[in-house]
Peer 1: 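Okay, here's the structure, questions in a sec.
What you see is a predicted model; the values in this text were computed from it and never measured.
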Amino acid sequence: MINERLLANFYIAFEAVLANKVRSLLTALGIIFGVAAVIAMLAIGTGAQQEIMEQIKLVGVNNIVIEPVVEQVEEELDENSLLEMERPRFSPGLKLQDVEAIAATIPGIKKISPEIVFDTHIVKSGLRRSAKLVGVTPAYFDVLDFRLREGRMFSEKNLKKGDAVCIIGRNVQSRFFPKENPIGKRIKSGNQWLEVIGVLEERVVSESSISKLGIRDFNMDVYVPVQTMLIRFRNRDLVTQSALQGSESASSRSNYHQLDKLVVQVEESELLTPTAEVLSKILERRHFNVVDFEITIPELLLKQQQRTQNIFNIVLGAIAGISLLVGGIGIMNIMLASVMERIKEIGLRLSLGAKKSDIVNQFLFEAVMISISGGIIGVILGVVLAHMVSTFAEFPTVITMPSIILSFGVAATVGLVFGIMPARRAASQDPITSLRYE
């Protein structure tokens with residue numbers, strides 16, 4: 001009996017909503033845009049969070065990056081500066097000796113990875129392509145979380161003797177060894193032949209990550225032991241005749257650093273800042289008080305970006321919440337106006353035996369149907385907006401089922417909460433007075 005009464009009340013409410021389609025749609029506009037804003041906001045926030053996490057993986061966890069500074073800073077000179085210039089200072093630059101000093105001096109360091117990058121061309125079977133030759137140690141692959149697809153890592157013998165061996169990126173394999181196993185085969189880099197001993201798994205790097213983090217496409221890199229690089233390809237630490245004959249201005253612009261990058265990985269995130277400060281002091285002392293290096297902590301920079309994104313998400317969430325609140329108030333106002341328009345109908349139903357609970361259920365059903373319909377339309381609009389942001393603004397968006405369930409649930413709740421007052425107002429009408437109402 002109760003179910004039949006509820007179904008009857010639901011049917012009456014459904015007919016009332018269909019009879020006023022335009023008014024119902026206008027009533028639901030606040031809910032529609034509120035739900036769409038919630039879904040689009042959560043999609044943008046989730047996409048940003050996912051991109052930041054991928055960037056953290058690319059730069060490694062708990063890493064401190066030390067890079068050489070080649071270009072000199074131009075500034076005005078005063079009397080004290082002129083006196084200091086009379087005592088010329090020379091810095092040896094970033095060297096492998098710095099790596100040994102850091103490892104022996106600073107506790108809490110997990111791994112240290114020196115890196116030397118050399119622009120080269122790879123040649124095999126008549127195919128020639130530009131690439132990056134990177135001199136590293138096995139710690140490099142652990143620090144940046146690279147995995148071997150096949151083959152082996154550099155051995156101690158390879159590292160000490162500077163053997164002509166290499167590990168190639170996935171795209172190098174696909175271009176130069178499309179139909180054969182590259183392990184044991186040789187490729188030519190510059191004037192040197194290198195034996196391929198390993199292939200790395202593909203590392204997907206987005207264009208935004210390349211521009212924001214200043215990294216390159218690792219899949220076209222060829223990795224050799226750092227001693228191989230120094231012995232067979234490039235060693236800026238060696239004094240050449242051209243360096244001795246070069247002018248002071250030319251030498252100030254040339255890159256005299258033996259290393260192109262030095263990555264220090266610490267054991268705990270809490271040690272990042274204090275370790276960076278100690279590194280700065282050690283390197284400054286070893287470089288004779290010449291600050292020709294730059295220390296950055298990518299993870300902290302990305303976490304700061306993440307905090308900024310979280311604030312942005314909160315602001316968007318507040319705007320979406322206000323929109324839903326306005327939509328709920330709109331539903332309440334329209335339903336109150338509907339009560340005044342339908343006083344005779346309410347009085348007729350009460351006089352024919354309808355209970356006050358039936359009137360309450362009828363108007364609650366109307367409010368909930370309007371909010372749920374608006375929620376469905378809002379979900380569709382929110383998904384479309386998220387895809388438009390991803391397509392036209394080239395900003396990553398991720399639509400998740402919890403965001404849809406949350407926004408839809410909030411829409412239904414708003415209709416229920418803001419429909420209670422009009423429903424009670426309708427049920428409180430006196431049947432006799434209502435029948436006489438003009």
Side-chain angles (χ1 to χ4, degrees), residues 25-61 63 145 202-217 269 296-331 370-415 417-418:
L25 178 62
L26 294 176
T27 305
L29 279 180
I31 299 296
I32 291 173
F33 290 114
V35 170
V38 169
I39 291 179
M41 176 270 298
L42 292 177
I44 292 172
T46 305
Q49 297 286 350
Q50 181 173 311
E51 184 183 29
I52 290 172
M53 293 305 298
E54 291 177 354
Q55 290 175 355
I56 289 177
K57 291 180 181 179
L58 287 174
V59 300
V61 181
N63 287 351
D145 196 27
E202 185 175 6
R203 175 65 67 92
V204 178
V205 184
S206 63
E207 293 293 334
S208 61
S209 296
I210 292 175
S211 60
K212 289 179 182 178
L213 302 178
I215 58 179
R216 60 185 181 273
D217 184 5
S269 298
T296 57
I297 307 177
E299 186 176 351
L300 295 184
L301 296 177
L302 291 173
K303 286 182 177 179
Q304 179 62 40
Q305 180 183 349
Q306 188 174 15
R307 285 192 290 269
T308 304
Q309 182 64 42
N310 289 337
I311 295 173
F312 178 69
N313 292 341
I314 292 172
V315 173
L316 286 179
I319 295 173
I322 292 173
S323 180
L324 286 174
L325 178 63
V326 172
I329 295 174
I331 289 177
I370 291 174
S371 61
I372 288 179
S373 301
I376 294 173
I377 299 173
V379 167
I380 298 172
L381 180 60
V383 172
V384 172
L385 286 175
H387 282 295
M388 289 178 62
V389 170
S390 178
T391 303
F392 296 106
E394 297 183 354
F395 193 92
T397 57
V398 178
I399 301 172
T400 60
M401 186 57 65
S403 67
I404 296 177
I405 295 174
L406 173 64
S407 57
F408 190 78
V410 169
T413 304
V414 165
V417 171
F418 285 91

Peer 1: Are any non-hydrogen side-chain atoms of I39 and S407 less than 4.5 angstrom apart?
Peer 2: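 Yes. Closest side-chain heavy atoms under 4.5 Å.
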
Peer 1: If you round to the nearest 0.5 Å, how far is CD1 of I372 from OG1 of T413?
Peer 2: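 Reported value, rounded in 0.5 Å steps: 9.5 Å.
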
Peer 1: With rounding to the nearest 0.5 Å, note down the distance linking OG in S403 to CZ in F408.
Peer 2: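 These two atoms lie 13.5 Å from each other.
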
Peer 1: By the definition side-chain contact (heavy atoms from CB on, under 4.5 Å), identify the one residue from I399, V38, L42, V35 that meets it with I404.
Peer 2: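 One option only clears the test, and that one is I399.
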
Peer 1: If you measure from CD1 on I31 to CD1 on I376, what distance do you get to the nearest 0.5 Å?
Peer 2: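 So the CD1 of I31 and the CD1 of I376 are separated by 12.5 Å.
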
Peer 1: Could you give the distance from CD1 (I380) to CG (L385), rounded to the nearest 0.5 Å?
Peer 2: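 So the gap between those two atoms works out to 12.0 Å.
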
Peer 1: Does the side chain of T397 reach to within under 4.5 Å of the side chain of T46, using non-hydrogen atoms?
Peer 2: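 Side-chain contact under 4.5 Å: no.
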
Peer 1: Does some side-chain heavy atom of I405 sit less than 4.5 Å from a side-chain heavy atom of P402?
Peer 2: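 No - every pair of side-chain heavy atoms lies 4.5 Å or more apart.
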
Peer 1: Can you name the nearest heavy-atom pair linking A411 to S371, along with the distance?
Peer 2: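 Heavy atoms only, the tightest pair is O-CB, 3.2 Å.
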
Peer 1: Nearest 0.5 Å please: distance from the CD1 atom of I32 over to the CG atom of L25.
Peer 2: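 With rounding to 0.5 Å, CD1 (I32) is 5.5 Å from CG (L25).
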
